[in-house]
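In what follows, every heavy atom counts, from backbone to side chain, and hydrogens, waters and symmetry copies are set aside. In what follows, every chain begins at residue 1, and chains take the letters A, B, ... in the order their sequences are listed.
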There are 2 protein chains.
Amino acid sequence: MGNSNLYKGSLTTIILKLLNENDKMYGYEITQKVKELTKGELKITEGALYPSLHKLEADGLLDVEVMKVDNRLRKYYKLTPDGTKETAVKLADLETYIKTMQALVTPKLRFD
Amino acid sequence: MGNSNLYKGSLTTIILKLLNENDKMYGYEITQKVKELTKGELKITEGALYPSLHKLEADGLLDVEVMKVDNRLRKYYKLTPDGTKETAVKLADLETYIKTMQALVTPKLRFD
DNA sequence: TTATATGCATAAGAAAATTATGTATATATT
DNA sequence: AATATATACATAATTTTCTTATGCATATAA
């Protein structure tokens with residue numbers, strides 16, 4: 001995903017959070033929204049996004065609704081009740097991660 | 001590493017930062033220090049740690065010094081000049097990652 | 001007419017971890 | 001005396017998650 005490998009493992013969190021805010025979104029819309037919200041810092045690739053959406057659906061966290069808009073296909077995803085629960089879990093995990101990393105990293109830097 | 005998959009990709013950052021603070025450390029010491037600093041939240045596995053140390057050494061970011069203490073082997077690692085530079089890069093990446101994720105995730109949660 | 005944008009998808013490969021072992025010494029426990 | 005735990009290193013097999021490359025299809029801008 002991002003320019004740094006730190007983003008590995010955060011895609012699911014990002015998808016769930018966006019769907020928690022936006023009720024229903026389709027894949028391409030997610031890529032654009034992420035680009036916009038991060039001012040271009042994070043660009044989600046389709047090769048990562050679509051398999052991830054499929055897995056979330058298979059795991060029962062997302063529901064799909066296929067629509068045709070302007071003669072183009074769209075697959076709208078929305079959270080299931082389990083998906084909403086999992087969103088809270090993932091966001092708590094992210095907070096813990098950030099606090100833990102800050103505990104490890106916050107101390108003074110040295111330049112010898 | 002951790003209980004959440006968000007830690008994927010942060011091991012190098014953690015190792016470099018600890019060595020930046022502590023001058024020289026050996027592998028087992030790093031696992032214990034991380035457990036202590038994170039109050040048990042993060043447990044680095046040897047299967048992740050040792051290959052990572054070897055790679056950092058191969059990349060010229062760490063130097064090794066083998067010692068025998070109490071009849072047991074220790075491999076002390078310390079930052080090379082390149083390693084010190086890379087530490088600053090990795091820490092900047094981490095800050096960017098945290099800010100980016102907060103930009104994506106900070107908005108209001110919903111519980112339908 | 002050619003490139004860019006929109007919209008989905010998958011396959012091959014790389015990177016980074018987990019899990020499972022293996023070796024060896026020292027100390028604490030039963 | 002035997003066994004478990006702690007210390008200390010290492011690697012191999014597998015899994016997860018991503019990148020890169022490719023493919024199909026329609027719409028719009030250059």
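Straight-line distance from the CD1 atom of I44(A) to the C1' atom of dA9(C): 16 Å, rounded to whole Å. Protein atom NZ of K33(A) is 15 Å distant from nucleotide atom P of dG7(C), rounded to whole Å. Rounded to a whole Å, the CD atom of E36(A) is 16 Å from the C1' atom of dA5(C). When the C1' atom of dT17(D) is taken as reference, atom CG of L49(A) falls 13 Å away, rounded to whole Å. Between the CG atom of L6(B) and the C1' atom of dC18(D) there is a distance of 14 Å, given to the nearest Å. As rounded to whole Å, 12 Å separates atom P of dT17(D) from atom CD1 of I15(A). The nearest whole Å value for the distance from the CD1 atom in I30(A) to the P atom in dG7(C) is 13 Å. Whole-Å rounding puts the Y7(B) OH to dC18(D) P distance at 17 Å.
Here S10(A) lies in heavy-atom contact (under 4.0 Å) with sugar-phosphate atoms only. Using a 4.0 Å heavy-atom criterion, one finds that G9(A) contacts the sugar-phosphate atoms exclusively. Note on E46(A): a base of the nucleic acid sits closer than 4.0 angstrom, heavy atoms only.
A donor-acceptor pair is defined here as one N or O able to donate and one able to accept, closer than 3.5 Å; no such pair exists between the side chain of E41(A) and the backbone of T38(A). No donor-acceptor pair closer than 3.5 Å links the side chain of T87(B) to the backbone N or O of N20(B).
Comparing dT16(D), dA10(D), dC18(D) by their closest approach to the side chain of L11(A) singles out dC18(D).
Place K8(A) and T45(B) on DNA chain C by their nearest nucleotides, and K8(A) ends up nearer the 5' end. DNA chain D is contacted by both Q32(B) and G47(B); Q32(B) maps to the nucleotide lying nearer its 5′ end (nearest heavy atom per residue).
Follow the hydrophobic side-chain contacts under 4.5 Å out from V64(B) and you reach I15(B) in the same cluster.
A close approach under 4.0 Å does not occur between any side-chain nitrogen or oxygen of Y28(B) and OP1 or OP2 of dA6(D). Within the 4.0 Å cut-off from OP1 or OP2 of dT16(D), not a single side-chain nitrogen or oxygen of N5(B) is found.
Side-chain contact between L61(B) and K85(B): absent, with no pair of heavy atoms (C-beta onward) separated by less than 4.5 Å.
Taking a 4.0 Å limit (strictly below) on heavy-atom distances, residues 50-75 of chain B reaches DNA chain D at Y50(B), P51(B), H54(B), R72(B), L73(B), R74(B), K75(B).
Exactly one residue among I44(B), L11(B), I14(B) makes a side chain to side chain contact (heavy atoms under 4.5 Å, CB included) with S52(B). That residue is L11(B).
For the residue pair S10(A) and Y97(A), no side-chain donor N or O sits within less than 3.5 Å of a side-chain acceptor on the partner.
Residues satisfying the side-chain contact (heavy atoms from CB on, under 4.5 Å) criterion with K35(B), sequence neighbours excluded, are Q32(B), K43(B).
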